Amino acid sequence: MFEPELLSALRSAQRVVVLTGAGISAESGVPTFRDALTGLWSNFKPEELATPGAFLRNPKMVWEWYALRRQLTAQVTPNPGHFALAEMERRVPHFALITQNVDGLHQRAGSRQVTELHGNIGRVKCFEENTCVSAWDETTVPPRCPHCGSWLRPDVVWFGELLPEEAREAASGASANAEVFLSIGTSALVYPAADLPLEALRHGAVLVEVNTEETPLTRRAKFSLRGPSGRVLPELVRAVWP
Ligand code: BJW
């Protein structure tokens, strides 16, 4: 089912980099970013909810949107796609997993080296001080920072905000050194994450895409694996390392 050239590229590679997006968690029951805006939230565009300006305009609504998603994330479990990547990490000498997801499912599947570009929905930080807090009082919505009294917010990266520098540097360095780069379950529309596969390509990597749909990256990929990552990735790992 897989091209022999793809299998041998992965089998012989010393440095493999994976970038994941919301699609890898879809089969765990986490709606993809845009699909998350259904039902109660269907009147909003992501760019209007996931920004500091949106939070300042309507902090209660934005906090509640994230509280609902935090609750959902805690209830779901990793799927075979997450587990296949944890297995890939054990097989490849130098492996980097970069995720745009905030759900922590890679870590729960056993992946150890995970770079989170857009934060983690399980953490909460002070809007003013930018420091994480571990306990808060929910009597006001949003709750207040126990140190300075400002609003608390989720520790995620909104549009218009800088990505954590350490994560961005690690992701960029790994991408520039990749022999094989896999882009999995991402629409490849949001920057700077969308630059990583291009950076890998510029340095000669073999680009592999796993997605149920075409993306702007598809025509640049040497191998385009069309299908759900929860099915494709376990099959790929079994084919490369039988
Ligand atoms: C399956 C599947 C299955 C389904 N199996 N596949 C350069 C050009 C233009 C604009 C910019 C630029 N540089 C920066 C910008 C601005 C902006 C940006 O990119 N805007 C775009 C909309 C154009 N970027 C930023 O603001 C970033 N900050 C920044 O660059 O700072 C410097 C700066 C500041 C100011 C001005 C200029 C520069 C920050 C971006 C932060 C993104 N944050 C979010 C929210 C996180 C918190 C939360 O979760 O609420 O991150 S937005 C959202 O998109 C989320 C995701 O991580 C991210 C990516 O989405 P993803 O993962 O690709 O999901 P989807 O839903 O889009 O796609 C799912 C895919 O899965 C689809 O392809 C499906 O087909 C597929 N799929 N089921 C496999 N089973």
Side-chain angles (χ1 to χ4, degrees), residues 18-38 41 44-55 61-73 76 78-85 97-106 114-125 153-165 167-169 171-172 182-199 208-219 221 224-236:
V18 172
L19 171 69
T20 62
I24 194 159
S25 296
E27 290 154 86
S28 291
V30 182
T32 58
F33 195 77
R34 278 134 198 107
D35 290 349
L37 301 174
T38 54
W41 308 104
F44 302 94
K45 291 185 183 155
E47 291 81 351
E48 288 167 3
L49 265 180
T51 70
F55 182 71
M61 181 188 72
V62 174
W63 175 271
E64 283 173 348
W65 188 52
Y66 280 95
L68 201 70
R69 289 176 55 205
R70 190 180 306 121
Q71 215 175 14
L72 170 72
T73 301
V76 299
N79 68 58
H82 296 106
F83 288 115
L85 292 180
L97 176 50
I98 304 162
T99 188
Q100 299 167 83
N101 298 344
V102 298
D103 56 30
L105 286 176
H106 286 303
V114 184
T115 298
E116 292 182 322
L117 287 179
H118 293 163
N120 191 301
I121 202 166
R123 292 191 302 262
V124 163
K125 66 180 183 180
R153 55 162 283 182
D155 185 15
V156 298
V157 181
W158 284 330
F159 285 111
E161 293 187 312
L162 293 176
L163 275 60
E165 200 177 325
R168 192 176 171 185
E169 277 173 11
S172 175
L182 293 105
S183 175
I184 301 171
T186 173
S187 55
L189 292 172
V190 176
Y191 289 83
D195 255 337
L196 297 172
L198 306 179
E199 188 156 358
V208 184
E209 182 175 66
V210 181
N211 203 304
T212 47
E213 308 285 336
E214 259 192 38
T215 76
L217 206 57
T218 306
R219 65 183 180 83
S224 178
L225 308 179
R226 191 61 47 77
S229 48
R231 174 177 61 74
V232 173
L233 290 174
E235 285 176 3
L236 181 63

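Quantities reported herein were computed from a predicted structural model and do not represent experimental measurements. First listed ligand is number 1; within each ligand, the first listed atom is number 1.
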What part of Ser229 sits under 4.0 Å from ligand 1 if we count only heavy atoms: the side chain, the backbone, both or neither? both
Has the side chain of Ser172 got a donor or acceptor atom that lies under 3.5 Å from a matching backbone atom of Glu169? no
Check this for me - ligand 1, Ala188, N or O atoms closer than 3.5 angstrom, yes or no? no
Within a strict 4.5 Å, meaning less than it, do heavy atoms of the Val76 and Asp103 side chains meet? no
Under a 4.0 angstrom heavy-atom cut-off, which atoms of ligand 1 come close to Gly21? 62 (O)
Could you check whether any side-chain heavy atom of Ile184 comes within less than 4.5 Å of a side-chain heavy atom of Leu85, counting everything from C-beta outward? yes
Honestly, for Leu189 the part within reach of ligand 1 (heavy atoms, under 4.0 Å) is backbone
So which bit of Val156 gets within less than 4.0 Å of ligand 1, heavy atoms only: side chain, backbone, both or neither? side chain
Heavy-atom distances under 4.0 Å decide this one: backbone, side chain, both or neither, for His118 against ligand 1? side chain
For Ala26, the ligand 1 atoms with a heavy-atom partner under 4.0 Å come out as 78 (N)
Beyond-backbone contact of Glu214 with Arg226, side-chain heavy atoms, under 4.5 angstrom: yes
Counting from 1, what ligand 1 atoms have a heavy atom of Pro228 closer than 4.0 Å? 3 (C), 5 (N), 80 (N)
Just to verify, what does Arg70 make a salt bridge (Lys or Arg N to Asp or Glu O under 4.0 Å) with, not counting sequence neighbours? none
Identified side chain to side chain contact (heavy atoms under 4.5 Å, CB included) partner of Ser25 from the options Thr32, Asn101, Thr99, Val102: Asn101
Contacting atoms of ligand 1, where contact means under 4.0 angstrom from a heavy atom of Glu27: 3 (C), 5 (N), 80 (N)
What pairs with Ser183 under side-chain hydrogen bond (donor to acceptor under 3.5 Å, both in side chains), at least two apart in sequence or on another chain? none
Which of the numbered atoms in ligand 1 are below 4.0 angstrom from a heavy atom of Glu213? 75 (O)
Proximal atoms of ligand 1 relative to Glu161 (non-hydrogen, under 4.0 Å): 27 (C), 28 (N), 29 (C), 31 (O), 39 (C)
Below 30° counts as parallel, above 60° as perpendicular, anything between as tilted: where do the rings of His106 and His82 land? perpendicular
Among Ile184, Thr51, Val157, whose heavy atom sits nearest atom 41 (C) of ligand 1? Val157
May I ask whether Gly230 has any heavy atom positioned less than 4.0 angstrom from an atom of ligand 1? no
Note, Leu217 side chain near Asn211 side chain (heavy atom, < 4.5 Å): no
Does ligand 1 come near enough to Gly160 that some N or O of the ligand is less than 3.5 Å from an N or O of the residue? yes
Heavy-atom distance under 4.5 Å between the side chains of Phe159 and Val190, does that happen here? yes
Restricting to heavy atoms, the pick from Ser183, Ala50, Ala22 nearest atom 64 (O) of ligand 1 would be Ala22
So Leu117 and Val157, do their side chains get closer than 4.5 Å, heavy atoms only? no
At less than 4.0 angstrom from any non-hydrogen atom of Tyr66, what atoms of ligand 1 do you find? 47 (C), 48 (C), 50 (O)
Any heavy-atom pair between the side chains of Leu162 and Arg168 that's under 4.5 Å? no
For ligand 1, is any non-hydrogen atom under 4.0 Å from Val102's backbone (N, CA, C, O), its side chain (CB onward), both, or neither? side chain
Element-labelled atoms of ligand 1 that are located less than 4.0 Å from some non-hydrogen atom of Pro192: 30 (O)
So between Asp155, Asp103, Leu162, whose heavy atom ends up nearest atom 32 (C) of ligand 1? Leu162
Where's the contact between Trp158 and ligand 1, heavy-atom distance under 4.0 Å: side chain, backbone, both or neither? backbone
